[in-house]
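Quick note: numbers below take in every heavy atom, side chains included, and nothing from hydrogens, waters or symmetry partners.
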Amino acid sequence: MPWSVLKALRENPDVMKDNLRKRFMDPGLVDEFLNVDSEWRRTQTELNKLRHKHNVISAQIPKLSGGERDAKIAEARELLKEIGELEARLKELDSRRKELLNGMPSLLHESVPVGPDETHNAVVRVWGKAVVQSKHLKEFLAETEGKGVRMEYEVTEREFVGHADMLEYVLGLGNTLKAGEVSGSRFYYLFDDIVWLDIALITYAMDYLTSKGFRLVLPPYMLKGDFMRAVEEFEAFKDALYKIDGEDLYLIATAEHPLAALHAGETIPEEDLPLLYVGVSPCFRKEAGAANRDIKGIFRVHQFHKVEQFAYTLPEQSWDVFDMLIGNAEELYRGLGIPHRVVNIASGELNLRAAMKYDLEAWYPAQGRFRELVSCSNVLDWQAYKLNVKFVRRKGMVKDFVHMLSSTAIASTRTITAILENFQREDGVVEVPKALRKYLEPYRKAPKDFIHPARKSS
RNA sequence: GCCGGGGUGCCCGAGCGGUCUAAGGGGCUGGCCUGGAGAGCCAGUGGGCUUCGUGCCCGCGCGGGUUCAAAUCCCGCCCCCGGCGCCA
């Protein structure tokens, strides 16, 4: 019934300490919490006793009159002073306790590789044939065979054009300079075929997931502070969020945010689980910590479109659903023909919420690197606890927190960059993935098979 | 945005300063009963503390305040309904 993290802290503190060590956090936080927690419980009991005494007196007063009545009122007033002092103490303890508790991470899944940074990520699967420029061969092999997997590849002496130059100069279908002038860096104008491609990618993912039984959702693009705080590790995340001036509203950074809040405060009958949603929305991110990384092009930007998978499950279902969500994402990228690998993110790189996170990383021939396109997380009951989303088992009407999971399906701009690098030909033509044909067909001016380079103006 | 009405437990719905231990229905879960089902009866159906006791505290949209005592009175906020305004 209680939050799994609280249960572990109280009943298996050593397991939680080990969990913190694996995440390169301070295991001393467990004892600190337990001290505050027991003090909080003691204070609460004591306070309850005083309040009880006060309640008893209050109940006697209406039956009395004259001096007796005045004496009781005076006694109640005296008690109230004591209660007030204890309440202040409890409030202090409570906020300290909440602070510590909210900073506690989910228990890691046993398969999560333990290590401080992304060099410890484990490669789970690979798919497709990577085209590797000979100058990148060493890195490619280090990132595949060096991690214990064999991925098909073809070495070439050919030079690939980076996605940013491809978009802006070869195709002439993006303008980040003008966008930078009018909106700032990491914004963009996209034109013509790339816009059709963006829309087609989104509808491709919507079509696939709705056919799998996911319910299609267009969510609010802003959330109140309370809900943002519940869905995210807020202190760590708030710098990434745009806030509406003078209002308690934040632009969403992913449809995960409003989808997680969709059932806040509700109790879901067990037979309704799992609930599967596919959200479509723009995403807004400040990218504050990114400094000058990926400053060119549309790889890392302040706004993009994303189709997001989201699931509410029974605790015993969540790992099966996790496999399904990442499986769906893989199916979508296999359909597009983008070579990729799936990695199990190392413990030290995981956020507090996630018990496990798989990323799908596409191979970028020009960059000579694998880069993240998809992130799939099982946060167990972390969000459910903060959002108070429960389910009820028919047998015995027992309530407990649901598990929540989310995974990217398609993030438009980033997927476009992967297409621009992987499907460019030497003549500058970009081949459109066959799987998108169906979603481009209805539009007379949309590209069908190829996106052609801009005609040289000179 | 303005004016008016309103937010009570899983749902409907009463209460509008002190026997509220939140009436009364309905639903759901468990038990009794039954060959089985129904009816009927009993219990449970918000959160927390607990010395686990027919124990205690808190909870009536959210947050403050007045009072010995607040669902009930006051202030701020959120949301819903109706009307006006504005608008795609």
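Both distances falling under 3.5 Å, in either a Watson-Crick or a G-U wobble arrangement, place rC73(B) opposite rG65(B). Within the shown strands, rC28(B) is the pairing partner of rG44(B) under the Watson-Crick or G-U definition, both distances less than 3.5 Å. When Watson-Crick and G-U wobble pairs are counted only if both distances are under 3.5 Å, rG82(B) pairs with rC3(B). The partner of rG59(B), taking Watson-Crick or G-U wobble pairs whose two distances both stay under 3.5 Å, does not exist in any strand shown. Within the shown strands, nothing qualifies as a pairing partner of rG36(B) under the Watson-Crick or G-U definition with both distances less than 3.5 Å. Applying the Watson-Crick and G-U wobble criteria (two distances, each under 3.5 Å), rC16(B) pairs with nothing in any strand.
Between Asn55(A) and the phosphate of rC58(B), there is a side-chain N or O to OP1/OP2 separation shorter than 4.0 Å.
The list of side-chain hydrogen bond (donor to acceptor under 3.5 Å, both in side chains) pairs with a residue in residues 258-270 of chain A, not counting sequence neighbours, reads His263(A)-Glu266(A), His263(A)-Tyr277(A).
Under 3.5 Å, the side chains of Tyr188(A) and Ser183(A) contain no donor-acceptor pair of N or O atoms. Side-chain contact, Asn121(A) with Glu349(A): no donor N or O sits under 3.5 Å from an acceptor N or O.
Distance CZ (Arg51(A)) to C1' (rA69(B)): 15 Å, rounded to an integer number of Å. Distance CG (Asp94(A)) to C1' (rC49(B)): 13 Å, rounded to an integer number of Å. Between the C1' atom of rC56(B) and the NE2 atom of His52(A) lies a distance of 7 Å, rounded to the nearest Å. Whole-Å rounding puts the Lys390(A) NZ to rG48(B) C1' distance at 11 Å. Distance, Glu75(A) CD to rA69(B) P: 14 Å, rounded to whole Å. If you measure from atom NZ of Lys81(A) to atom P of rU67(B), you get 15 Å, rounded to the nearest angstrom. Going from atom CG of Asn388(A) over to atom C1' of rG48(B) covers 13 Å, rounded to whole Å. Asp226(A) has its CG atom 14 Å from the C1' atom of rC79(B), to the nearest Å.
Contacts of Arg10(A) with the nucleic acid, taken as non-hydrogen atoms under 4.0 Å apart, involve only primed sugar atoms and P, OP1 or OP2. Using a 4.0 Å heavy-atom distance criterion, Leu79(A) is classed as making no nucleic acid contact. Within the nucleic acid shown, Ile61(A) comes within 4.0 Å of at least one base atom, counting heavy atoms only.
Here the nucleotide nearest the side chain of Arg41(A), chosen from rC68(B), rU50(B), rG48(B), is rU50(B). Out of rU67(B), rC56(B), rA69(B), the shortest distance to the side chain of Leu80(A) is found at rA69(B). When distances are taken from the side chain of Asn48(A) to each of rC68(B), rC57(B), rC49(B), the shortest belongs to rC57(B). Checked against rC68(B), rU50(B), rC57(B), the side chain of Thr45(A) finds its nearest nucleotide in rU50(B). Across rC58(B), rC68(B), rG46(B), the shortest atom-to-atom separation from the side chain of Lys399(A) is found for rG46(B).
Ring orientation note: the planes of Tyr364(A) and His163(A) are nearly perpendicular, at an angle over 60° on the 30°/60° scale.
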Distances under 3.5 Å only, N/O to N/O: pair up the protein atoms with those of nucleotides 75-78 of chain B.
unit_1: rC78(B); atom_1: O2'; unit_2: Lys224(A); atom_2: NZ; d: 2.9

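Straight-line distance between the P atoms of rC73(B) and rU19(B): roughly 16 Å, to the nearest whole Å. Comparing the P positions of rG85(B) and rC20(B) gives an interatomic distance of 48 Å, to the nearest angstrom. Of the P atoms belonging to rU66(B) and rC12(B), the separation is 34 Å, rounded to the nearest Å. For the P atoms, the distance linking rG4(B) with rG76(B) amounts to 13 Å, nearest Å. Going from the C1' atom of rG61(B) to that of rG9(B) covers 13 Å, rounded to whole Å. For the P atoms, the distance linking rA70(B) with rG31(B) amounts to 41 Å, nearest Å. Across rU8(B) and rG24(B), the matching C1' atoms stand 14 Å from one another, rounded to whole Å. Atom name C1', nucleotides rC60(B) and rC10(B): the rounded distance is 15 Å, in whole Å.
For Leu47(A) and His54(A), each mapped to the nucleotide of RNA chain B holding its nearest heavy atom, the one lying further toward the 5' end belongs to Leu47(A). For Lys91(A) and Ala76(A), each mapped to the nucleotide of RNA chain B holding its nearest heavy atom, the one lying further toward the 5' end belongs to Lys91(A).
Aromatic ring centroids of Phe322(A) and Tyr358(A) lie under 6.0 Å apart.
The residue from Leu101(A), Leu6(A), Val402(A), Val5(A) that alone fulfils the side chain to side chain contact (heavy atoms under 4.5 Å, CB included) condition with Tyr385(A) is Leu101(A). Put simply, the residue from Phe237(A), Phe284(A), Tyr221(A) that forms a ring-ring contact (aromatic ring centres under 6.0 Å, His included) with His257(A) is Phe237(A). The side chain to side chain contact (heavy atoms under 4.5 Å, CB included) test with Tyr242(A) is passed by exactly one of Met222(A), Arg285(A), Gln303(A), Lys286(A): Lys286(A).
For Lys386(A) and Trp382(A), the positive end sits near the middle of the six-membered ring, less than 6.0 Å away and at most 45° from its axis.
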Subject >> side-chain hydrogen bond (donor to acceptor under 3.5 Å, both in side chains) evaluation trace for Gln44(A) with Glu39(A) >> reply: CA-CA 8 Å; Gln44(A) 191 161 5; Glu39(A) 182 64 21; over 6 Å; no

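The base of rG18(B) sits with one of its N or O atoms less than 3.5 Å from a complementary donor or acceptor on the side chain of Arg69(A). One cannot find a donor-acceptor pair under 3.5 Å joining the base of rU50(B) and the side-chain atoms of Lys49(A).
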